[in-house]
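In what follows, chains carry the letters A, B, and so on, assigned in the order in which the sequence lines appear, proteins first and then strands, with residues in each chain numbered from 1.
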Amino acid sequence: MIVGQWGVILNLFAIAVITVGISVLAISLLISLFRKKVQKKISSFNLKTRKSVLWFLVSSPWLLGLVTSLLFWITFPTSVNIGLNVTPSTLLPHWHHPELFELTSWHGVSVALFLVWAMFITYKKAYLLIENKKVQASLNVFSEKQDKNFCLIESATPNAFTCGFIEPKSYLTTGLKSQLNEEELAIVLAHEQAHVKSFDPLKKWLFMMLAAFFPNRIGQILNSVMSQTMELLADQSVIDAGHHNDVVASTLVKVARISMRFQPNTTPILSSYFHVEALEERVKWLLDDKPATANFHYSMLLVPCLLLVLAMFSVDSLHHLIETILNH
Amino acid sequence: MQLGELEKLVLQYLWQHKEGDAKQVYSHFEKTRGGTLNTIQSTLDRLFKKDLLTRAKQGYAYVYSAKVEREALIAQLIEDVTSDFVGNSEHSLVAAFSSVSGKMSEQQLDELEAMINQQRAQRIKQEG
């Protein structure tokens, strides 16, 4: 048994872990039950707000974990030292014997299981990152830097993509370049540059890491919505650079057609950030003269507040329930 | 898979000359690049272990030849650098998108193009 300051720290960590689990479950249920409504709501936001909402959604279990453990902490007798102590009441969420942490109790098991799970996900994602970096290094050997904007790969495979986490780079193959006119080429490069400027590969990786803590299906939905939002933002920056919406849209379709005709019997080159991912939606979004403009509204904070209350009471109830059954 | 500059040069030699043993490759690079026979031998060995070369023993030496063509290797690297990014566990994420773009037919692309052309015509009319 761990007693004292470390006991308090481990108990707070246990509270955070339980909150993360409850929040992941609650958000997943919310998305599963109201998938269409949630997607419709998210689509109604302008692109930047949409991105922020997605980041908030995917990181909220961790934020709630932090806030919940802090709120529990102020009910601990040890917080008296800094004048924050709130007298625990049986009606309000509270935590018994916060200075004692039994490693063999359900708290200890929850913390240990969570750590194993988190380490497994971190390892998997870190491995992916290292492997990706290695392959990019190999690709650099076969590419030639044209200017500060992009590297040209001598290959018939038509492709344009951006990769690299710390120093992202855009790549374009000669196979694609040779089939585009000057304006189309400028559009493709401007799109890829937008990904470079906003460090999208790194952000996508971080987002995937957080989404990996959700059930597979929910993680996939979150990843695909975020990925599509990043594509739309890159398309938006091409328009902001002075290109007409319809020309950007027709370039998208042209690149998709080139890709499809290159290897009609195999999977098209999905990898290119330029032309993959719900092409139709992107074209329709580009042609839409009334794009979604909803901004952040304070009422949206109601959802995390409700989740926080749910987490607080769930941690407390779960605690009592399990301790009634297991007697610690 | 990670390839270095010398590995690329050796691969390029084998793509061009079809096959060669360590001595032949070394004599090719001796004047232009320098280095030692040992370096070339270990580079050939590394490429063989990376499954990019095949080799057959002729007398005391191995004769190497490229297992993959240049175009195929680059296409593979492009696929790796981008699809691996999505990760094995999320391959269905790619599949979800491929079901949109992968199953997309020429006809669907024609329909999208028709929509675009219509909007373009309106814009030109307004501008004109």
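Side-chain polar atoms of A/K169 and A/T162 form no donor-acceptor pair below 3.5 angstrom. Judged by distance alone, the side chains of B/E71 and A/S155 do bring a donor and an acceptor atom under 3.5 Å apart. In this model, a donor atom of one side chain and an acceptor atom of the other lie less than 3.5 Å apart for B/T36 and B/T39.
In this structure, no portion of A/S143 lies under 4.5 Å from any heavy atom of chain B. With a 4.5 Å cut-off on non-hydrogen atoms, B/E127 touches chain A through its side chain but not through its backbone. For a residue to count as touching a neighbouring chain, one of its non-hydrogen atoms must lie under 4.5 Å from one of that chain's; by this rule A/V141 touches chain B with backbone and side chain alike.
Between B/R55 and B/D45, at least one side-chain nitrogen of the basic residue sits less than 4.0 Å from a carboxylate oxygen of the acidic one, meeting the salt-bridge criterion.
Contact count against chain A (heavy-atom pairs under 4.5 Å) is highest for B/K8 among B/M115, B/K8, B/R70, B/E113.
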